[in-house]
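First the structure, in the form of structure tokens, and then the observations on it.
Values below: every heavy atom of this structure, side chains too, minus hydrogens, waters and symmetry copies.
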Amino acid sequence: MTTETAGRAWQAMRSLVLEQHDRRAEVCQALDMSFIKVKALYKVARGPLTMRELTDALATDKPYTTLVVDFLEDRGLVERTRHPEDRRCKIVTITEKGAAEAAKANAILNAAPEPFLALPAEDLDALDRILGKLAVD
């Protein structure tokens, strides 16, 4: 019974985030870029990454990551520099403009949908507590 309940809860969370209140299209329109580029921008905004680290974080291949970074760099959102200890390695760093765009994306993606805002305070507190236990950052 616990496995069934956990499965229902998981399915409900997935449906809430990915179907009923999916904000990916909204953020893509606001930033005028695909979601994988938004995701890359978000990852780099958290701290500089090597191209390899970014490739792993995005679960893409190296050539596609290069295209994504080229796009972000052309827009002035990231900078690509040589690693100080390994000339073969490039580091991707957010720019001031990129940080502003990443903040805009976060504001859209993290805005609570109306049904969450309508929950009684005690239910919202319980949900926050439970999800906090499950969240791994």
[X] side chain to [Y] main-chain N or O, any donor-acceptor pair under 3.5 Å?
X	Y	result
Asn110	Asn106	yes
Lys133	Asp128	no
Glu19	Arg14	no
Thr55	Met51	yes

Side chains of [X] and [Y], heavy atoms from C-beta outward: is any pair under 4.5 Å?
X	Y	value
Thr50	Lys90	no
Glu26	Arg23	yes
Arg75	Glu101	no
Lys43	Glu53	no
Thr60	Val68	no
Tyr42	Leu109	no
Leu127	Phe116	yes
Lys37	Leu31	no

ILVMFWY cluster, Leu131 and Leu16 together (side-chain gap under 4.5 Å):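 As far as the 4.5 Å side-chain criterion goes, Leu16 and Leu131 are connected within one cluster.
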Shared hydrophobic cluster for Leu134 and Leu124 (ILVMFWY, side-chain gaps under 4.5 Å):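 Yes, one cluster joins them.
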Locate the shortest heavy-atom distance separating [X] from [Y]; write the atom from each residue and the value.
X	Y	value
Val78	Leu41	CG1-CD1, 4.2 Å
Val92	Val44	O-CG1, 3.6 Å
Ser34	Cys28	C-SG, 3.7 Å
Phe71	Asp32	CZ-O, 4.1 Å
Ala105	Val38	CB-CG1, 4.0 Å

Side chain to side chain contact (heavy atoms under 4.5 Å, CB included) between Arg24 and Leu18, worked out: CA-CA 9 Å; Arg24 289 178 293 187; Leu18 298 176; 4.0 Å; yes
How many angstroms lie between [atom1] in [X] and [atom2] in [Y], if you round to the nearest 0.5 Å?
X	Y	atom1	atom2	answer
Met13	Ile130	CE	CD1	10.0 Å
Glu73	Thr95	CD	OG1	10.0 Å
Thr93	Leu77	OG1	CG	13.0 Å
Arg46	Ile94	CZ	CD1	12.5 Å
Ile36	Leu67	CD1	CG	12.0 Å
Lys39	Met33	NZ	CE	15.0 Å

Test item: side-chain donor near acceptor, Ser15 and Gln20, under 3.5 Å: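 Checked: Ser15/Gln20 side chains pair up, N/O donor to acceptor below 3.5 Å.
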Over 12 non-hydrogen atoms of neighbours within 6.0 angstrom of CD in Glu122: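 Yes - once you tally the heavy atoms of other residues, nucleotides and ligands closer than 6.0 Å, there are more than 12.
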Apart from Ile91 itself, residues in the same hydrophobic cluster as defined by side-chain heavy atoms under 4.5 Å: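 Listed partners: none, Ile91 stands alone.
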